[in-house]
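Working notes, structure below.
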Amino acid sequence: MLAQDYTDNTMSNDYMGILLEDMDGKLDVILESLSFMATKEDLRAIEDRLINVESDVKVIKAVVTGHGQDLQGHDHRIVKLEHKVFDAGA
């Protein structure tokens, strides 16, 4: 009976050791994942930078739209100028 108790106790200790190693591995994964998470300050800094980027994009869009409108009829204006120059020289 004593030998059986020793065997059961050893198996129980081995099983507990395996469970503890498994839990330790899972906790390591959780800790590693948490280390990659951004803090509130990091998120605020990113948000501030995105607000700046958003305003920059609005300015770029306005400039591109303005240039697009300026370029409409570009060929027509060039032809008109060419006629004025060549007609004046003739």
Does I30 share a hydrophobic cluster with M37, counting links as ILVMFWY side-chain heavy atoms below 4.5 Å and allowing steps through other members?
yes
Got a second to check how far L19's CG is from D24's CG, nearest 0.5 Å?
12.5 Å
Does E32 CD have over 12 foreign heavy atoms under 6.0 Å away?
no
Can you sort out the partners of D22 under side chain to side chain donor-acceptor pair (under 3.5 Å), two or more places apart, ordered by chain and number?
K26
Please report the interatomic distance CG(L27) to CG(L20), rounded to the nearest 0.5 Å.
10.5 Å
Measure the CZ-CG distance between F86 and L81 for me, rounded to the nearest 0.5 Å.
11.0 Å
Strictly by modelled atom types, are S55 and N52 linked by a side-chain donor-acceptor pair under 3.5 Å?
no
Inter- and intrachain pairs under salt bridge (Lys or Arg N to Asp or Glu O under 4.0 Å), touching residues 43-60, at least two apart
none
